[in-house]
Structure formats: structure tokens, C-alpha cells
> 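Would you mind keeping the following structure in view while I ask a few things?
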Amino acid sequence: MLVYSSSIDLSSRMLRHLTRQLNVRRREIGTRWRRLTVGRQALLALAHLRCGDTYAQLAAGFKIGIATVYRYIREAIDVLAALAPSLDNAMRTARTKAFVILEGTLLPIGRIAADTPYYSGKHKRHGMNVQVLTDPLGRLLWASPALPGSTHDLTAARSHGIVDALAAAGLKCWADKAYQGASRHIRVPFRGRRLKRWKRRHNSSHAKIRCVGEQAMAVLKGWRLLRKLRCSTNRITDIVKAVLVLHHASA
């Protein structure tokens with residue numbers, strides 16, 4: 001296999017943050033020697049998450065075995081996922097904001113047509129449903145555990161406790177039409193084609209506010225691994241949490 005040097009469009013702050021966490025992990029388990037230093041292991045994990053490089057590509061680039069690549073990446077993701085904020089922590093942060101934005105997204109996965117629970121009729125593809133809360137400036141505050149793609153956004157928000165948490169905190173939240181009927185704290189646009197003028201103006205101003213949340217989704221999917229996940233669906237929640245922690249580390 002031919003190997004060449006490449007770049008990763010991430011800040012060195014992320015690399016230092018992950019290196020520190022991996023160093024703590026190695027001290028905890030008493031690691032004496034490994035094929036890669038903590039810095040190289042951190043770089044390996046970032047290359048996988050950001051660029052979506054396969055295990056075989058990374059094994060050739062870092063001159064280690066594929067099984068070793070798998071173990072190093074899994075360890076890095078587990079270390080980061082453990083640092084992800086809970087919904088309660090996100091609510092405490094959100095209380096200092098004027099409002100929050102709730103968005104749902106589908107992370108595509110490689111699954112066959114027989115896997116019905118993972119097929120989204122809305123997006124016409126297989127994937128995992130993830131709910132995201134952002135602040136008024138579009139900064140990611142929290143990401144939910146991943147559910148099968150057939151799950152409706154409102155059902156996902158209720159099952160994760162987002163609707164109840166927003167009501168308990170008394171927070172105003174902007175969301176799209178999928179969350180119609182959630183609660184009075186979640187503001188959604190009016191439905192219908194022939195709307196009155198004031199309703200159309202309301203929908204226009206609502207869209208201007210909510211588009212910031214869509215920009216945050218674009219930031220999340222800037223991590224190429226999330227554009228087409230080929231791992232076990234049981235690992236996707238930890239991957240999303242790891243990306244969220246790295247995003248916060250760069251802020």
C-alpha cells in the first residue's frame with residue numbers, strides 16, 4: 001500500500017486535550033510501553049474521527065496492525081465519551097442563555113433494507129436519530145444517545161427527557177414542525193400552505209432563529225466519520241459524545 005502524508009483541519013488544542021486524557025488513562029491502568037506514544041495515539045483517533053480514514057489506511061500510515069488501530073481508537077473514544085456533558089449539565093448551562101434550539105438529525109449508517117428499525121421514511125435511508133441542543137449562537141450544548149432512524153424526532157425528544165427538562169428549567173426553545181405538540185416551551189412554526197400574513201411573518205422570523213441550529217448540525221457533520229458510519233450501532237452514541245467533547249475542547 002502506498003502511504004503519503006496528509007493534514008487534518010483541526011486545532012492543536014484538540015490534540016493536546018486528547019493527549020492529556022489518554023495520558024491519564026494510561027497512568028490509571030499502569031501502561032508501561034505501547035507501539036505508539038499518547039500523542040501519536042491521539043493523532044490516530046483524530047484522523048479516524050475527522051477524516052473517516054479506515055483501520056487499514058491508518059494501520060499503513062502509522063505502521064501498526066489493524067487490531068491495534070481498533071483498540072487505540074476504541075480506547076480514545078471511550079475516554080472522550082466519559083467526559084461528555086449529561087442533559088442535567090446542559091440544562092444548567094442553558095439557563096444562562098436567552099433560549100436554546102432543538103434539532104434532530106439522521107446519521108447515515110451502512111445497513112441493508114431488512115433492518116427496518118433503522119430506516120427513516122423521511123430521509124429515505126438507514127441511519128440513527130440524534131437530538132442536539134444549541135445555544136442562540138449555534139454552539140453545541142448537548143447531544144443525545146442515538147436511536148434507530150425510524151424514531152420520530154418528537155418521540156426521541158420525549159424518550160430522552162428533553163421536553164420535561166426544558167419545562168422544568170422554564171427555558172424557551174425553538175424547533176421545527178416535527179416537534180408540534182411537544183409543550184408550550186417548545187416554539188414551532190405554523191403548519192399549512194395558505195397562512196395568514198402574520199403567521200407567514202412568524203414563520204419567517206422563526207426560521208431565521210432556527211437556522212443557527214442547522215449551522216451547528218453542519219459543524220457536527222464536518223466530522224467525516226459521521227457522514228457514513230460503518231461501525232456497530234451500539235458504538236454510535238459514544239462516537240457522537242466523543243465528537244461533542246472535542247468540539248467543546250476547541251471552543
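From a predicted model like this one, the values you see are computed outputs, not experimental measurements.
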> Taking the side chain as C-beta and beyond, is there a heavy-atom pair between Leu225 and His48 under 4.5 Å?
yes

> Do Glu103 and Arg210 come within less than 4.5 Å of each other through their side chains, counting heavy atoms only?
yes

> Hydrophobic cluster membership, with links at side-chain heavy-atom distances under 4.5 Å among I/L/V/M/F/W/Y: are Ile109 and Ile73 in one?
yes

> Tell me, do Ile101 and Leu133 make a side-chain contact under 4.5 Å, heavy atoms counted?
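No, every pair of side-chain atoms sits at 4.5 Å or beyond.
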
> Kindly compute the distance separating CZ (Arg227) from CG (Leu220), expressed to the nearest 0.5 Å.
11.0 Å

> What's the spacing between Lys196 NZ and Arg201 CZ if we round to 0.5 Å?
12.0 Å

> Can you give me the closest heavy-atom contact between Ala45 and Leu18, atom names plus distance?
CB-CD2, 4.0 Å

> May I ask you to test the Leu229-Pro108 pair for a side-chain heavy-atom distance under 4.5 Å?
no

> Do Val240 and Leu140 share a hydrophobic cluster, counting only Ile, Leu, Val, Met, Phe, Trp and Tyr and linking them when any side-chain heavy atoms are less than 4.5 Å apart?
yes

> Verify, without hydrogens or angle tests, whether His160 (side chain) and Ile162 (backbone) share a donor-acceptor contact under 3.5 angstrom.
no

> So, for Gly149 and Ser120, which heavy atoms are closest and what is the spacing to 0.1 Å?
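In terms of heavy atoms, the two residues are closest at O-CB, 3.5 Å.
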
> Testing the 3.5 Å rule here: is there a donor-acceptor pair between the side chains of Asn129 and Gln131?
yes

> In the structure I gave you, are the side-chain heavy atoms of Ile8 and Leu43 within less than 4.5 Å of one another anywhere?
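Heavy-atom side-chain distance check passes, below 4.5 Å.
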
> Applying a strict under-4.5 Å side-chain criterion to I, L, V, M, F, W and Y, I'd like to know whether Val69 and Leu49 cluster together.
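In one cluster with Val69: Leu49, yes.
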
> Looking at Phe99, is Lys172 sitting on its ring face, NZ or CZ under 6.0 Å from the six-membered ring centre and within 45 degrees of the normal?
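Ring-cation test returns no.
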
> With the 4.5 Å side-chain cut-off for hydrophobic clustering, are Trp174 and Leu141 part of the same group?
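Unlinked, Trp174 and Leu141 end up in two clusters.
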
> Answer yes if the ring centres of His126 and Tyr119 are under 6.0 angstrom apart, and no otherwise.
yes

> Would you check if Val245 and Lys241 make a side-chain contact, meaning some heavy-atom pair closer than 4.5 Å?
no

> Tell me the salt bridge (charged side-chain N to carboxylate O under 4.0 Å, His left out) pairs involving residues 10-36, sequence neighbours left out?
Arg25-Glu75, Arg34-Glu75

> Is the charged tip of Arg50 near the ring of Trp223: under 6.0 Å from the six-membered ring centre and within 45° of its axis?
yes

> Taking atom OH of Tyr179 and atom OG1 of Thr155, what is their separation to the nearest 0.5 Å?
10.5 Å

> I'd like to check Tyr72 versus Ile64 (side-chain heavy atoms, cut-off strictly below 4.5 Å). Are they in contact?
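Sidechains of Ile64 and Tyr72: in contact.
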
> What verdict does the side chain to side chain contact (heavy atoms under 4.5 Å, CB included) test give for Lys199 and Asn203, after you've listed the backbone C-alpha separation in whole Å, the side-chain angles of each residue and the deciding distance to 0.1 Å?
CA-CA 6 Å; Lys199 289 186 177 180; Asn203 283 0; 5.6 Å; no

> Does Lys124 reach the main-chain N or O of Gly121 with its side chain, forming a donor-acceptor pair under 3.5 Å?
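Present.
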
> Any side-chain to backbone donor/acceptor pair from Thr31 onto Trp33? Under 3.5 Å, distance only.
no

> Side-chain contact test, heavy atoms from C-beta onward, threshold under 4.5 Å: evaluate it for Val130 versus Val132 and give yes or no.
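A side-chain contact under 4.5 Å exists here.
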
> State whether Arg235 and Asp78 are salt-bridged, where the test is any N-O pair (Lys NZ or Arg NE/NH1/NH2 against Asp/Glu carboxylate O) under 4.0 Å.
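Looking at Asp78 together with Arg235, the answer is yes, because their closest N to O distance falls below 4.0 Å.
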
> Would you say that more than 12 heavy atoms from the other residues, nucleotides or ligands in this model lie under 6.0 Å from the CZ of Arg200, or not?
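Check passes, neighbour count above 12.
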
> Would you check if the side chain of Asp53 reaches a backbone N or O of Gln57 as a donor-acceptor pair within less than 3.5 Å?
no

> Pair Met128, Thr233 - check side chain to side chain contact (heavy atoms under 4.5 Å, CB included), show working.
CA-CA 8 Å; Met128 299 293 286; Thr233 54; 4.0 Å; yes

> Run the numbers on Thr134 and Met217 for side chain to side chain contact (heavy atoms under 4.5 Å, CB included), then give the verdict.
CA-CA 9 Å; Thr134 70; Met217 286 297 190; over 6 Å; no

> I'd like to know if the side chain of His206 reaches the main chain of Arg187, judged simply by a donor and an acceptor atom lying under 3.5 Å from each other, with no hydrogens or angles considered.
yes

> Might you point out which heavy atoms bring Pro189 and Asp176 nearest each other, and give the distance in Å?
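For Pro189 and Asp176, the tightest heavy-atom pair comes out as CD-C, 3.9 Å.
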
> Indicate the ring-plane relationship of Trp198 and Phe190, choosing parallel, tilted or perpendicular according to the 30° and 60° boundaries.
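Trp198 and Phe190: perpendicular rings.
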
> Starting from Val38, can I reach Tyr70 by hopping between I/L/V/M/F/W/Y residues whose side chains sit under 4.5 Å apart?
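Cluster IDs for Tyr70 and Val38 match.
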
> Once rounded to the nearest 0.5 Å, what's the spacing between atom SG of Cys51 and atom CG of Asp9?
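Those atoms lie 6.5 Å apart.
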
> About how many Å separate OG1 of Thr68 and CG of Leu58, when rounded to the nearest 0.5 Å?
12.0 Å

> How long is the gap from NZ on Lys228 to CG on Leu107, to the nearest 0.5 Å?
12.5 Å

> Give the minimum heavy-atom separation between Met14 and Leu46, together with the two atoms involved.
C-CD1, 4.4 Å

> Under the side chain to side chain contact (heavy atoms under 4.5 Å, CB included) rule, what do Val163 and Ile186 come out as? Steps first, then yes or no, please.
CA-CA 8 Å; Val163 176; Ile186 300 180; 4.1 Å; yes

> Taking all non-hydrogen atoms of both residues into account, name the closest pair between Ala76 and Leu22 and its distance.
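Heavy atoms of Ala76 and Leu22 come nearest at CA-CD2, 3.9 Å.
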
> Can you name the closest pair of heavy atoms from Lys97 and Pro136 and give their distance?
CB-CD, 3.9 Å

